[in-house]
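Below: the structure, in structure tokens.
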Amino acid sequence: MKVLLGVTGSIAAYKSVLVARLLVKAGHEVKTILSRGGENFISSLSISNLTVNDVFTEDDFWIPGQKVPLHIELARWPDVVVVAPATMHFLGKLAHGLADDLLTSTIGAIDRPVLLAPAMHTEMWNSRVLQDNVKRLKIFGYEFIGPYEGELSSGDRGIGRMAEPEDIIERVIEIGNTERKLRGKKIVITYGGTEEDIDEVRVITNKSSGKMGISLSRRAKELGAHVIAVVGRVEVHPLYYDEIYYARSVDQLSATLHEIVPKADVLIMAAAVSDFKPVGRMEGKVKRGGKLVVEFEPTEDILKSLSEHKRPDQVFVGFALESKNLLENARKKMEEKGVDMIVANYATAMGSDYISGYILTKDGERIPLETITKSELAILLYDKIAEKIEKG
Ligand code: CTP
């Protein structure tokens with residue numbers, strides 16, 4: 001595998017020497033870019049001796065007479081990029097598209113997975129502006145490893161310690177090996193719960209957290225897809241998307257999806273959509289005292305109505321949340337809602353990081369899920385989706 005290693009200016013840079021060494025030992029090809037800050041901590045000589053390959057510094061950024069600028073040539077070379085350590089300053093530049101040196105310009109032009117291993121003091125990591133930049137970078141699909149809690153160069157303990165070289169390498173290989181088999185595909189992912197008004201201040205909703213949606217979006221970005229998130233009421237911060245729509249009620253969700261799904265290749269309906277809504281919203285804020293009787297009427301089955309206009313080249317995936325007769329009910333839902341596959345799961349998955357149940361496909365496949373993480377489910381699900389797209 002071709003790995004482009006970026007090193008920025010932090011005391012943790014001494015560990016990047018080990019990252020380079022272990023990668024080369026494992027048979028990977030490593031080229032390195034040292035930022036000006038990185039050069040303060042390690043020398044290009046030591047890295048080039050270890051990697052037996054090119055090491056570039058700021059002095060190489062613009063070399064006269066180059067047919068293709070170096071940062072473009074380098075951006076076209078690797079299977080995967082890792083920046084270890086990644087400083088607060090570097091992350092800030094990357095988050096805002098500031099490409100004023102060789103490393104940021106190269107990453108700015110890259111179409112491969114990028115892993116970032118931050119290292120800094122706890123106060124810096126916890127600062128609002130840094131955390132906001134990390135969120136921004138995740139939205140764009142950058143992968144992070146660490147930082148972790150531990151001893152820092154100042155002698156303090158806290159979060160900010162760079163991930164260990166062995167762990168960085170494991171993750172680099174994992175994401176570098178990911179074939180971008182959904183490149184260019186438009187994937188609509190709905191997640192979170194819906195909310196229906198009872199009166200001016202009260203709503204009826206459900207326990208959905210939105211965690212499934214984050215895992216699905218993250219994996220879709222890893223696979224090169226264009227992610228369109230449609231988000232309801234969530235307990236998580238939406239991440240890993242190219243476009244985002246907010247839809248609170250079943251009617252808003254329906255209107256949004258009817259508009260955008262015709263242009264999509266894949267729809268994954270992970271949202272927990274309310275099956276009932278109050279018959280009309282009560283005026284103002286209902287006063288306390290006595291019993292309150294709210295009458296509910298059924299809502300539209302959005303997935304079912306979207307499927308009526310589904311093109312054969314589109315792949316639709318539903319979720320079936322059951323408390324009993326899982327397989328039987330999920331199969332029925334797959335049929336009735338006209339979807340290509342359905343994730344059959346139990347109510348215990350709501351709000352949890354884990355899920356158990358089955359992936360069922362229209363072709364009769366049944367893949368058991370024995371308490372796996374939502375990220376693991378996302379890997380399996382996209383394998384099936386990519387297979388379906390390929391088969392047509
Ligand atoms: N769904 C939908 N519109 C609704 C209700 C559900 O599009 N009004 C979608 C969900 O997003 C999910 C699938 O349909 O992908 C199954 O949802 P689930 O809650 O398991 O089933 P319901 O159709 O609501 O049936 P029931 O509540 O009777 O189990």
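Both backbone and side-chain heavy atoms feed into the values below; hydrogens, waters and symmetry mates do not. In each ligand, atom 1 is the first atom listed, and ligand 1 is the first ligand listed.
- If you check the side chains of His28 and Asp79, you find no donor sitting under 3.5 Å from an acceptor.
- Between atom OG of residue Ser215 and atom CD of residue Glu376 there is a gap of 10.0 Å, rounded to the nearest 0.5 Å.
- A salt bridge (Lys or Arg N to Asp or Glu O under 4.0 Å) with Lys391 holds for exactly one of Asp340, Asp313, Asp363; it is Asp363.
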For Glu151 and Arg157, run salt bridge (Lys or Arg N to Asp or Glu O under 4.0 Å): C-alpha distance rounded to whole Å, both residues' side-chain angles, the deciding distance at 0.1 Å, then the answer. CA-CA 4 Å; Glu151 199 178 316; Arg157 277 192 77 80; 5.0 Å; no

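- A side-chain donor from one of Ser154 and Asp156 sits under 3.5 Å from a side-chain acceptor of the other.
- Using modelled atom types, one finds a donor on one side chain and an acceptor on the other under 3.5 Å when comparing Ser305 with Glu300.
- Listed by chain and residue number, the protein contacts of ligand 1 are Met269, Ala271, Val273, Ser274, Asp275, Thr299, Glu300, Asp301, Ile302, Leu303, Gly318, Phe319, Ala320, Leu321, Lys333, Lys337 (heavy atom within 4.0 angstrom).
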